[in-house]
Structure formats: C-alpha cells, structure tokens
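Below: the structure, in structure tokens.
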Number of protein chains: 2
Amino acid sequence: MTKNSNTTERQNKEQEILAAAEHEFLTKGYDGARTTSIAQTAGVTHAMLHYYFRTKEQLFERIVDEKFAQMSHSMFAILGDPSLPIIERLKGGIAAHFDFIAENPQLPRFVINEIVSRPERYEVLYKRAGAIIDGVYKGLQEEIDRAAKRGEMEPTDVRMLFISIMSLNVFTFVAYPFMEPLMGELMADRDRFLAQRKTENIETIIRRIKR
Amino acid sequence: MTKNSNTTERQNKEQEILAAAEHEFLTKGYDGARTTSIAQTAGVTHAMLHYYFRTKEQLFERIVDEKFAQMSHSMFAILGDPSLPIIERLKGGIAAHFDFIAENPQLPRFVINEIVSRPERYEVLYKRAGAIIDGVYKGLQEEIDRAAKRGEMEPTDVRMLFISIMSLNVFTFVAYPFMEPLMGELMADRDRFLAQRKTENIETIIRRIKR
DNA sequence: ACCTTTGTTAACAGAATTGTTAAACAATAT
DNA sequence: ATATTGTTTAACAATTCTGTTAACAAAGGT
C-alpha cells in the first residue's frame, strides 16, 4: 500500500467515526450517546475511537463546533439578498432559512438542548455572536425603517421579525416527530407537507409586515 | 404522632422526591438525570427514592405522564371559547395557550425530546390522541369554513393554523435560553418581552386569517 | 535490513450509577 | 405489652461506560 492510500484510509476512519458520532449525538444527546455505539456504527473498536479523539468530550466538541457554525449560518440566511426590494428580500431569506433547516432537521433541537444543559460553556461564544448579530441586523433594520417611512410596509422591529421567522421555520422541524402522528394525512407526504409549510410561513410573515 | 401527621410526612417525602425529579428530568432529560442528585435535592437518601418509586424508570414515568397530560391540556387551550365569534375565539385561544406555556416553559422541549428519543413507546398513546384531536378540531374547522363562506376570514386549514400558533407560542419558550443572550435589551426584561411576544403572535395569526 | 512512527487489538482498570438487602427503628392496632 | 406493618439507614452488589495500557502489526524512511 502506498502512503496515499494509507492516509486516505486513516481519513476514512476518522470520517466514519465523525459521521457515526454526529448521528449518535444528534439523536441521543451527549448523555444518551455511547462511545461504544459510535465505534460500532463506524466499524472500529472503541479503543480506536479514543486513539483518534482521545475522549468522548473532545469528539463531542468537534460535532458541537460544526453544528453551532451551521446554526449561525442558517440564521444569516434569513438576511436574504440585499440587492432585492425588501419584501422580495425577506421572502427569499425565509425560504433559504427554511431550506437550510430542512436539510439539517435535527440541528435546532440539538443546539438548543446543548445550550440549555450547559449554558456556562457558551457564555464567551455568545458575547461575540451577540455583537456580530447586532451589527449585521442593524443594516436590515435601517432598510426596513426606510421602507416603512415610504409606506411600503408596517414599522417593524427586526429582532421580533426574526423571532417570528425562526419560530415558524424551526418549529416545523423540531416538533415534526411530535406532530406527525397527530396530523393524519396532512403530514403523511413529507415533501408535500414541507412545501406547503414553506409557502405558509412566507405568507404569514409577509401579511404581518405588509401595509 | 398521630396517624394523620405520619401519612402527611410520607406524602411530603413523596412530593419532595417528585418535585426534585421533575426539575432534574426537565432540565437534564432522562439520560442526564441522576437519581442520587434527585434524592439529595429532595433531602432523602437514595435508598428511600428506590423504596418509594422502585426504579428510575418508574419515577420518570410518573413525570412523563403528568407532562404529557399538561401538553395535551395546553393544546386544547388553543380551541378557545366556542361561544365567542371566531376571531375573538382564536385571539383568546392563542393567549390562553401562550399563558399556559409561559407557566410551564420547559414543557414542550421535554415532551418533544422524549418523543424523539423513544418514539415506539408512545405509539399506542398517539393512536388514541390522534383520534381525539381529529374529532375535536373538526368542529372548529366547520366553524371556520362557515366564517370563510360569509367572507369574514380567509379559507383556512385548522391544522395548518394550529401548527402556526404552536410554532409562534412554543418557540418563544423552547428557544428562550438560546435567543436571550443574542437579543440584548429586547429580552432583558422577561415579563415585558413575553407580553410583547404574546400580542405579536396574536397579531401575526389574525392578520394571516382575516380577509 | 533496521529503526521509527503510526495504527490496531484485546484485555483491563476505575469510576459512576442504579438497584438490593438486612437490620434497626417507629408507629399503630389489638 | 406485643405483634405487625411500614419506614429508614448504611453497606454493598452488579452493571455499564469511559479511558488506559501493553503487546503487536504495518509502513516508511534511511
């Protein structure tokens, strides 16, 4: 075997472990996850898992970092395309956010659970994030203020608007397993339901802000 | 000591354990919860906890049963007062639902996590719940259809409407610890923020359904 | 060919956690 | 008073899980 195929194999194993860990942590959380189960899914002995990632904690942090980055990515998606008129921009932003969460449906629940169970850990991270978000959203707030002055839309607090958008988009996925058995045929066809839900969420928000 | 004061003490201990267990399970989940920690919080030895509730599993189920009942209660609150005109009825329903969750802010996250982590367990429960909800909501759907025919509101699918209401109301609390550090002064005064959020959610839904 | 580095395995150690038990203790009824 | 029933405690058993170690294998560089 050449050097190349070897490092590839090594990377493969690392990736296998990471993939298995992602699935395990996202479905069962840190406490419910078992390193032996992750190793088994990845097709390696559990000693190998420790060889590659030292501890469960460190493996978990790799996943957490990735998921926090994705979560922040998803939130920025709401901002939409600044070159579009405000209403179109928001429509696009809501849709992009929805699609992103649709591809990572377990993401919000995982991130929220993690924050709830160990808030201290993320205080530093949050201080920075809060400042960044503050700055970025300020721009949108100003554009909204101008549009409102022109009478194109209701005066609106961006932060409240964002909470509403996230509520509508995120809840659909966070609560999916809870709602699905209660809703009968409505949710039977997942793709159809999600498409309906996306337009519904856009419609709901637009009606809220259009004058 | 009389027989009475004795049974009272016993009930007190049981209640103490249950209260401690509720807090532990709701904040940390089943896997993260520790029976020793519950016992300590309740001020009893951990052997006593086993004496009263046999196993962690059984103690957990006591809490789950209560929380599922509360969750179902909260959802029925959305139905509102049938004697009111439809718009007023919905306003009241949304507010009642919001207030209920506000008093049990950890409830939805707990119930959803439980369903996600062991769906099999609740299949039976769900079959029944699905049928009940189906029947109850059908009445509201008919009233909405009549109001729509009279031109008082948009034609609306009750189930979609319910998902939107739950999204807006529930997300506020599920994501509270996640959003709070990001939102600066907006969420600094919790009571004020919740009051704002409640009227915002009502306004959002009403605008969606009013013609 | 030899040595070093890296990867792999199996067995095991340590810690934490749930659950049990036997015996002491308290309350009550007869 | 005493038997009975229920409650409490402390010690311990059993299991599960994470993390380590020591021996071994493979590969690469010199």
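As the structure is a computational prediction, the values presented were derived from the model and not from experiment. Below, chain A is the first sequence line, B the second, and so on; all start at residue 1.
- Rounded to whole Å, the distance from CE on A/Met48 to P on D/dA25 is 16 Å.
- Distance A/Lys13 NZ to C/dG7 C1': 8 Å, rounded to the nearest Å.
- Across the protein-nucleic acid pair, B/Gln58 atom CD and C/dT20 atom C1' stand 15 Å apart, rounded to whole Å.
- In this structure, B/Glu203 contributes its side chain and A/Arg208 its backbone to no donor-acceptor pair below 3.5 Å.
- Rounded to whole angstrom, the span from the CD1 atom of B/Ile17 across to the C1' atom of D/dT8 amounts to 12 Å.
- For the pair B/Arg197 and B/Phe171, the cation does not sit on the ring face, since its NZ or CZ is not both under 6.0 Å from the ring centre and inside 45° of the axis.
- Remark: the backbone N or O of B/Leu107 is not paired with any side-chain donor or acceptor of B/Asn104 at under 3.5 angstrom.
- We find that NE2 of B/His50 is positioned 17 Å from P of C/dA22, with the value rounded to whole Å.
- B/Met75 contributes atom CE, which lies 12.0 Å from atom CZ of B/Phe100 (distance to the nearest 0.5 angstrom).
- Here the side chain of A/Thr45 is nearest to one of C/dT21, D/dT7, C/dT9, namely C/dT9.
- The environment of CZ in B/Arg54 is sparse: at most 12 heavy-atom neighbours from other residues, nucleotides or ligands sit within 6.0 Å.
- Between B/Thr156 and B/Gln141, the closest heavy-atom pair is O-NE2, 2.9 Å.
- Distances were taken from every side-chain heavy atom of B/His46 (C-beta onward) to each of D/dT9, C/dT8, C/dG19; the shortest belongs to C/dG19.
- With rounding to whole Å, A/Leu49 atom CG is found 16 Å from C/dA10 atom P.
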Might you list the N or O atoms of the protein lying below 3.5 Å from N or O atoms in nucleotides 14-17 of chain C, with each pair's distance?
{"unit_1": "C/dT17", "atom_1": "OP1", "unit_2": "B/Arg34", "atom_2": "NE", "d": "2.9"}

